[in-house]
Amino acid sequence: MKDFPKKNIVILGNGISGITAARHLRKRTDRPITIISEEHPYFFSRTALMYVYMGHMPFEATQPYENDFWKKNNLNCIQARVKNINGRKKYLEFKNGETMSFDVLIIASGSKPNQLSCPGNDLNGVHGMYHKQDLDRLESLSHSIKSAVIVGGGLIGIELAEMLHSRGKKVTLIVRENSFWNRVLPDAESKMINSHIEAHGIRLLLETELKAIIPSEQGGVKEVITNKGEVIPCEYIGSTIGVSPNVDFLKDSGIALGRGVLVNSFLETNLPDIYAIGDCAEQTQPQKNRRPIEAVWYTGKIMGETLANTLCGKRKEYLPNHWFNSAKFFDIEYQTYGRVEADPDPKEQKQFYWQHQNKNQLLRLSYHPETEILQGVNVMGIRMRHKIFEQWLDQNKTLEEVVDRLQEAYFDPEFSKNPIAKIKADFAIIKQ
Amino acid sequence: MVNKKSLSQNTALLLGFLGLLLWSSSFWIEYQNKTLMLSIGFLMMSIGVIGYSYSLYFTSLAGIRNNGVWFSSLVSRSIWGWLLGLVLTGFYVLLYFYPEFLGYNEAGKSSGLVAFFDPLSVLLNGKPATQWFLYGTVYTLAIILFGIKFIFKYRNNRYQVFRTISVIFFQLGFAFLIPEILSKLNQDLPYFSKDLKNMWPLNYYFFEDWHFNNMLNGGNLGLFILIFGLLMMFVISPILTYFFGKRWYCSWVCGCGGLAETAGDPFRQLSSKKISVWKFERWMIHVVLVFIFITTIAVIWTYLGSETSGETLTRKYFANVIIGFLILLILVILVWGRKELNKDAVNTIISIATILIFVIIWQSKWNQENLMFVDSYSLRKWYGFGVGAAFSGVLGVGFYPILGSRVWCRFGCPMAAILGLQQRLLSRFRITTNGGQCISCGNCSSYCEMGIDVRSYAQNEENIVRSSCVGCGICATVCPRGVLKLENVSSKNRY
Ligand SMILES: Cc1cc2nc3c(=O)[nH]c(=O)nc-3n(C[C@H](O)[C@H](O)[C@H](O)COP(=O)(O)OP(=O)(O)OC[C@H]3O[C@@H](n4cnc5c(N)ncnc54)[C@H](O)[C@@H]3O)c2cc1C
Ligand code: SF4
Ligand code: SF4
């Protein structure tokens, strides 16, 4: 067992949340910090894996810091798998049997892709897209893939579709719902994406589920059968039906688990000196309008920074403020600030919505039915300023004022065709 | 690994190559009807490049299509890239140092490749072609054809489209057609640069005495060029840079930038983003700045000592002006630079300026012939060699496939260095970061031709205010989360 003279901090996971914590800790303390991950010795951006497969970037370009950054900042990076944790006796157990003690432990183990439940789900050629190893596996299979089936209508599913499509594979995207990602996107947004997916030559099967996967003679996949009886030949199946916190290895740790590692708003677990941040953390008392698990990039970043403050003596609560997010569906950029319901309760939320006649541009403002106070915005194909919308949400601006001042938030590149005049004109008509 | 090229793409590529081959064949074959051959080659290359680009980009919807860039040997520093680099470098070496191999004959009639361009040259400027005419033609054609390719590629982004139309316009009109036609109309005048947009210090011979005298003896046109050149340097350029950043020049007007943005675009991702290279860049830029400063005052110093200069402006007076300027510079840096620049930069600038002041005071006292103890002629020669040949041509373009498309602009260009200094200190231009939306994916950094690690700012929610940024806007174009925007707003709170 390794021992450290000063109180040492161990961070389990070198994703965005673990790394943000490490960087902010290092700015304020010289305590020994060890970062452990089985995936890769150094931090890389998971969100960029798709661009590596598409040939936009070499893998090294996904690493925001040069390799000697860690040594220079005295951050000890270890590539190894942690098998178990003893939360009361404060040590980790590695896969190879070695152990390491800690004074403070930060769990930032991220997510893992959910498994398909139909027969054949364990065949070679059925894979998720989360870790670098998933990418490596896809790359090694790639030359033999002619057709691919992707299951799951979410953000990672559509990215995987774009990846395979860019390499000339025939892609079928299977979605259980009756429109793409419509648990989150309102109807018009979702429909816009449906037709955009098809415009790219992807076959989109809505209200469809996978019934079985038929193996090939070589132990790979041969074809899939849908619940509608259709047989689709394919050599690769992307399983992108969501992610869940990667916490199985913590079963016997003594750390309280729900779906993820349970933490209070100070990111503390049930055991002293053990914290959890990022995708793997589940808030026991989430803020109003926020969910207990939010598996996105920036929440991990905010949690990492918040916790670093706490550990350096400035106890801070995790307060993420207004929800925001962004994505890109093939060529359509999507940004959202605040709360825009896919299917709002008319007593809680009303929406003003504008769509360009023939371009993929859309804006939706949600507001309270009585007070008309802004609740959120969705934009497709238009860029909007984060800071301005955050201010407007903070200051309880009304719908009318927001439409009136929309230009202040407009963030499209110079010389773009500005849709705001049209939006305002349409708004004036509706108002009457 | 790369998606296979379609039949139409291959046909277009073949046609383009045959056109190039036809032109190149004049190296060995003396064609009877040069006009015809020149036109056929031109048509084949144009149809080739435009046809190829069309079938490459219009077979899919508009969007970012960098698919397979890092799998392509030509643009990922693999064997084809190295070969292309070798060919380009070879061409520049011939052009600058052995033009006779291209058929150029200083004493009499040229032959070969150079003479092949005679019909066009006679048409435009009334004289047979030189190696520089050959180069200018090929250069302009490359900007036009690959500019069209670039416009196809980025047709969903009007900033990119407008900017490219602008560089094509300035290259074709201001750098190529107008100067040629002006010299046809003014055959009897001595030579001086007629490219209005090519100002000092990029036009490194502007202040040399032969050029100065030629302008003075160049009638109305010469006088106009002289006055316009001075206005451009001291008034127009600083004002435009204040309002728009150095991009108004570097990626909307400049010919070197124009080639980098069009023909060089496929290589933009090869610029190094390493911190060590950034350090080298800063060091290099300071050297370039000091060098142009010394060269320029040395040239003027020598000029003032010669008979032609008359008595109005004496060396003493000139020395005082320069010393005044340096003191002003120190004051500005002390007051302003403190919060805007890092400590190293402030110390470097101040110590260099101080040394210069002492040297100039000491020398003007003795009215020495050679300012800074160096012979201004040899200084100029080296400067001309460095700026004009070695760097901008051989290294700058020849190494596109190895070091990326803007090596020259980043490490060597004196114009970029000066505009950059101003952009950093006194300009409204910045790249704004959109709150917390950055996902650190690295597309912006990867495609920044100047090797700026854009992501390192964006992920910390900082704006990007860098002297080297040429404002090409590609980082903002490729960002999949709409995080970046090029803006000219107030020069306060830029960061
Ligand atoms: C393809 C893809 C695209 C995405 N795009 C976006 C996007 O556009 N916007 C957005 O907001 N979010 C996006 N996300 C989600 C985002 O990437 C995650 O929310 C974020 O990476 C979570 O960071 P983290 O630090 O919590 O965990 P992770 O990044 O998952 O890091 C956890 C690390 O811990 C390691 N680890 C776990 N358990 C162990 C163990 N027992 N022993 C050793 N090491 C272990 C893992 O190997 C991993 O390296 C995307 C995710 C994927 C997969
Ligand atoms: S920072 Fe952006 S705009 Fe500036 S040079 Fe780099 S890519 Fe172009
Ligand atoms: S491309 Fe955009 S999202 Fe990606 S690192 Fe750059 S600024 Fe961030």
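Chain letters run A, B, ... following the sequence lines, proteins first, then strands; residues in each count from 1.
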Which bit of [X] comes within less than 4.5 Å of chain B, counting heavy atoms only: side chain, backbone, both or neither?
{"X": "Glu390(A)", "value": "neither"}
{"X": "Val52(A)", "value": "backbone"}
{"X": "Phe330(A)", "value": "neither"}

Quiz item: For Phe280(B), what residues pass the ring-ring contact (aromatic ring centres under 6.0 Å, His included) criterion, not counting sequence neighbours?
Solution: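 Per chain and number, Phe280(B) pairs via ring-ring contact (aromatic ring centres under 6.0 Å, His included) with Phe411(B).
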Quiz item: Leu362(A): what forms a side-chain contact (heavy atoms from CB on, under 4.5 Å) with it, not counting sequence neighbours?
Solution: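 Leu362(A): side-chain contact (heavy atoms from CB on, under 4.5 Å) contacts with Ala188(A), Glu189(A), Met192(A), Tyr353(A), Gln355(A), Arg364(A), Met380(A).
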Self-check item: Heavy-atom side-chain contact between Glu66(A) and Ile275(B) under 4.5 Å
Solution: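 They are in contact (side-chain heavy atoms under 4.5 Å apart), so the answer is yes.
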Quiz item: If you check every heavy atom in residues 153-163 of chain B against those of chain A, which residues fall under 4.5 Å?
Solution: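 Heavy-atom contacts from residues 153-163 of chain B to chain A are Asn157(B), Arg158(B), Tyr159(B), Phe162(B).
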Self-check item: Tyr51(A) side chain vs Asn66(B) backbone, donor-acceptor pair below 3.5 Å
Solution: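 Side chain of Tyr51(A) to backbone of Asn66(B), a donor-acceptor pair under 3.5 Å: no, none is there.
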Exercise. Examine distances only and state if a side-chain atom of Lys301(A) and a backbone atom of Gly436(B) form a donor-acceptor pair shorter than 3.5 Å.
Key: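 No: the side chain of Lys301(A) does not pair with the backbone of Gly436(B).
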Quiz prompt | Salt-bridge criterion met for Glu60(A) and Lys274(B) (N-O under 4.0 Å) | solution =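 No, this pair does not count.
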Quiz prompt | Value rounded to 0.5 Å, distance of CG in Asn460(B) from CZ in Arg23(A) | solution =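 The CZ atom of Arg23(A) is 5.5 Å from CG of Asn460(B), to the nearest 0.5 Å.
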Quiz item: To the nearest 0.5 Å, how far apart are CD in Glu487(B) and CD in Glu414(A)?
Solution: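 If we round to the nearest 0.5 Å, Glu487(B):CD and Glu414(A):CD are 7.5 Å apart.
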Self-check item: Those residues that, when tested against Arg65(B), pass salt bridge (Lys or Arg N to Asp or Glu O under 4.0 Å) (two or more places apart)
Solution: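 With neighbours one apart ignored, the set is Asp331(A).
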